[in-house]
2 protein chains.
Amino acid sequence: MVQENKAPAPEPSSQAKRALLEQFARVAKALAHPNRLELLEFLAQGERTVESLARAAGLSVANASQHLQQLKQAGLVASRRAGQHVRYRLADDDVVALMAALREVARRHLAEVDRIVEAYLAARDTLEPVPATDLLERIRRGEVTVLDVRPPEEYAAGHLPGAVNIPLEELERRLGELPRDREVVAYCRGPYCVLAWEAAGRLRERGIPARRLEGGLPEWRLAGLPVEVEKEGAGQG
Amino acid sequence: MVQENKAPAPEPSSQAKRALLEQFARVAKALAHPNRLELLEFLAQGERTVESLARAAGLSVANASQHLQQLKQAGLVASRRAGQHVRYRLADDDVVALMAALREVARRHLAEVDRIVEAYLAARDTLEPVPATDLLERIRRGEVTVLDVRPPEEYAAGHLPGAVNIPLEELERRLGELPRDREVVAYCRGPYCVLAWEAAGRLRERGIPARRLEGGLPEWRLAGLPVEVEKEGAGQG
DNA sequence: CATTTGTTCAACCGATCTCTTGAATGGTGC
DNA sequence: GCACCATTCAAGAGATCGGTTGAACAAATG
């Protein structure tokens with residue numbers, strides 16, 4: 001039934017409401033493309049140049065640059081010039097929290113996510129992951145070997161206390177570096193980063209007790225847990 | 001230096017990675033339009049029909065229905081038929097958390113948000129809002145009058161313990177209902193809902209001590225604080 | 001100052017999104 | 001079983017987005 005009354009109370013500053021909603025939508029829009037989400041995941045590991053990000057994400061440099069600028073305009077990332085390069089970084093840890101909330105909603109309400117995890121990730125490692133706080137306790141007791149399977153560049157930008165860095169592709173070759181009397185806990189970029197699943201699976205196939213950390217380095221850092229950083233040659237805080 | 005090596009390790013299941021990122025982007029895409037964000041804000045107050053939502057958001061019914069279906073496919077809302085109507089609701093409180101994270105990032109990193117708040121909202125009430133836990137304490141001590149300025153429909157779907165419901169447009173007329181010996185704390189739909197700012201401002205202009213609650217009903221509920229619900233005539237859990 | 005290297009800009013096309021309009025669907029209640 | 005009603009579907013116009021290409025720009029190097 002057509003209600004012939006005037007517009008339903010065009011509130012005083014519905015103008016403000018609209019303007020605010022547009023700002024929030026702007027942030028969401030920046031998150032609304034898989035390539036940008038992947039760039040954010042890389043940036044959550046630490047500062048990187050455009051070129052490095054483009055290579056990691058399999059994008060052309062121009063394309064990566066465009067996406068990064070969208071992220072920047074949405075306030076999700078920041079950049080600075082360092083020598084010849086422009087280095088991008090997450091604007092803040094609250095961006096990590098936002099991505100976590102996004103993943104959580106998707107995980108809980110999209111059956112497709114479960115399906116993908118079952119089909120691709122659970123095939124490599126079915127064990128439950130180790131919660132971060134449990135791991136910290138066991139690190140302090142020296143009961144565990146922490147294995148960082150990310151590329152050295154990301155390891156250098158920050159890693160778990162005492163973590164050993166063996167990128168996945170070198171794992172078989174460098175098995176000797178892992179003590180055999182302690183459980184290994186592997187981690188990488190985040191809760192769905194395949195590297196850690198794969199590493200845990202491969203290690204257990206070889207009889208080495210191994211599990212994944214629940215979440216990756218960004219989530220660990222977000223929880224306020226301690227992170228070690230290699231001192232950088234050109235770094236300046 | 002141009003690295004002429006082959007593609008940078010096209011990881012085993014970058015397929016899975018891609019598929020997951022697309023799912024996360026799907027959720028973000030659903031959030032990436034001001035109209036849908038507004039619908040979500042209404043839904044965060046409680047279950048509503050398509051028609052009611054369309055009217056509240058100033059959309060055509062067909063358009064509102066389309067947006068609601070996008071939200072549904074992204075797992076953000078759910079629906080059920082009730083008599084002749086279809087009633088939509090938030091899928092889960094984690095959606096409230098996601099929206100909170102989105103607003104937080106926008107607030108902290110988009111200068112435009114501050115500008116809008118300053119220009120439109122702070123003009124009505126400049127006092128700092130009351131944190132939810134503080135308010136609960138004062139409610140229990142009976143030290144405060146809690147004022148819900150949302151429409152009765154939203155009040156009925158859930159409100160703060162002991163809250164008085166006076167929609168903003170009736171505020172002047174019904175000032176007598178407010179005890180004059182206690183501070184009034186007004187709230188509405190969320191941290192940027194103008195109703196509470198306006199109400200607090202108008203009350204203080206009349207010499208009644210009044211402030212806003214920090215956040216609205218959805219944030220209060222998300223924090224696990226107690227909510228009162230009117231018993232509904234046709235409700236069935 | 002000229003060159004090199006890394007990043008950004010600008011223009012373009014195809015794909016996707018948004019809203020409108022008008023018709024179809026499918027429960028409900030009589 | 002029938003008519004009604006809220007909701008959904010379908011199609012189309014206009015706008016926005018996404019990726020490519022090639023040129024422009026900026027900082028460092030020699």
Side-chain angles (χ1 to χ4, degrees), chain A residues 1-3 18 21-22 25-40 42-43 47-74 76-89 153 233-234 236, chain B residues 1-4 18 21-22 25-40 42-43 47-74 76-89 233-234 236:
Chain A
M1 178 169 306
V2 176
Q3 302 210 5
R18 188 72 192 180
L21 289 172
E22 274 164 12
R26 190 169 149 196
V27 177
K29 214 171 290 185
L31 296 172
H33 193 286
N35 285 354
R36 285 194 290 272
L37 288 176
E38 185 170 19
L39 289 172
L40 285 174
F42 284 122
L43 288 171
E47 215 183 34
R48 292 183 75 156
T49 67
V50 177
E51 187 185 26
S52 159
L53 287 162
R55 198 155 4 97
L59 304 175
S60 74
V61 171
N63 193 8
S65 176
Q66 272 185 41
H67 281 306
L68 288 168
Q69 278 167 73
Q70 278 190 61
L71 292 170
K72 192 175 181 178
Q73 286 185 354
L76 295 170
V77 309
S79 65
R80 69 181 176 98
R81 182 168 276 275
Q84 269 179 298
H85 297 261
V86 174
R87 299 179 72 83
Y88 281 81
R89 63 183 180 280
E153 176 180 11
Q236 54 168 23
Chain B
M1 181 172 306
V2 176
Q3 302 209 5
E4 50 188 321
R18 188 71 193 182
L21 290 172
E22 274 164 13
R26 190 169 150 195
V27 176
K29 214 172 289 184
L31 296 171
H33 193 287
N35 284 353
R36 285 194 291 273
L37 288 176
E38 186 170 20
L39 289 172
L40 286 174
F42 285 122
L43 288 170
E47 216 183 33
R48 291 183 76 156
T49 68
V50 176
E51 187 185 27
S52 159
L53 287 163
R55 197 156 3 97
L59 303 176
S60 74
V61 171
N63 193 9
S65 177
Q66 274 185 37
H67 281 306
L68 288 168
Q69 279 167 71
Q70 278 189 61
L71 291 171
K72 192 174 180 178
Q73 287 184 354
L76 294 171
V77 310
S79 65
R80 68 182 176 98
R81 180 168 278 274
Q84 270 178 299
H85 296 262
V86 174
R87 298 179 72 83
Y88 280 82
R89 64 182 179 281
Q236 54 167 24

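Quick note: numbers below take in every heavy atom, side chains included, and nothing from hydrogens, waters or symmetry partners. Just so it is clear: chains get the letters A, B, ... in the order the sequence lines come, proteins before strands, and each one is counted from 1.
Across residues 27-38 of chain B, K29(B), H33(B), N35(B), R36(B) each have a non-hydrogen atom less than 4.0 Å from an atom of DNA chain C (numbered order).
In this structure, the separation between NE2 on H85(B) and CZ on R80(B) is 12.0 Å, given to the nearest 0.5 Å. Remark: T49(A) OG1 to Q84(A) CD distance equals 11.5 Å, nearest 0.5 Å. Rounding to the nearest 0.5 angstrom, the gap separating the CZ atom in F42(A) from the CZ atom in R55(A) is 11.0 Å. Between L53(A) atom CG and R87(A) atom CZ the span is 9.5 Å, to the nearest 0.5 Å.
Atom C1' of nucleotide dT16(C) and atom CD of E22(B) are separated by 14 Å, given to the nearest angstrom. Whole-Å rounding puts the E51(B) CD to dA6(D) C1' distance at 7 Å. If you take CZ of R81(B) and P of dC5(D), they are 15 Å apart, rounded to a whole angstrom. As rounded to whole Å, 14 Å separates atom C1' of dG18(D) from atom CG of L71(A). Whole-Å rounding puts the R48(A) CZ to dT7(C) P distance at 12 Å. Look at CG on L68(A): it is 15 Å from C1' on dC9(C), rounded to the nearest Å. Atom CZ of R26(B) and atom P of dT16(C) are 15 Å apart (whole Å). Computed from coordinates, the K72(B) NZ to dT7(D) C1' distance equals 11 Å when rounded to whole Å.
When L76(A), L59(A), L43(A) are each tested for a side chain to side chain contact (heavy atoms under 4.5 Å, CB included) with L68(A), only one passes: L43(A). Applying the side chain to side chain contact (heavy atoms under 4.5 Å, CB included) test between H33(B) and each of N35(B), L31(B), L37(B) identifies N35(B) as the sole match.
Between H85(A) and dA28(D) there is no side-chain polar atom (N or O) within less than 4.0 angstrom of OP1 or OP2. Of the side-chain N and O atoms in H67(B), none sit less than 4.0 angstrom from OP1 or OP2 of dC17(C). Residue Y88(B) places no side-chain N or O under 4.0 Å from the OP1 or OP2 atom of dA6(D). Contact check, S65(B) against dT7(D): no side-chain N or O comes under 4.0 Å of OP1 or OP2.
The side chain of A62(A) lies closest to dG22(D) when the candidates are dT8(D), dT4(C), dG22(D). Residue Q69(B) places its side chain closer to dC9(D) than to any other of dT20(C), dT8(C), dC9(D). Here the side chain of Q84(B) is nearest to one of dG27(C), dT20(D), dA10(D), namely dG27(C).
Scanning atom types as modelled, one donor and one acceptor separated by under 3.5 angstrom connect the side chain of Q66(A) and the base of dT20(D).
Q73(B) and R26(B) make their closest contact through O-NH2, 3.0 Å (heavy atoms, listed as atom of the first residue, atom of the second, distance).
Heavy-atom distances to DNA chain D give each of L59(A) and N63(B) a nearest nucleotide, and the one nearer the 5′ end belongs to N63(B).
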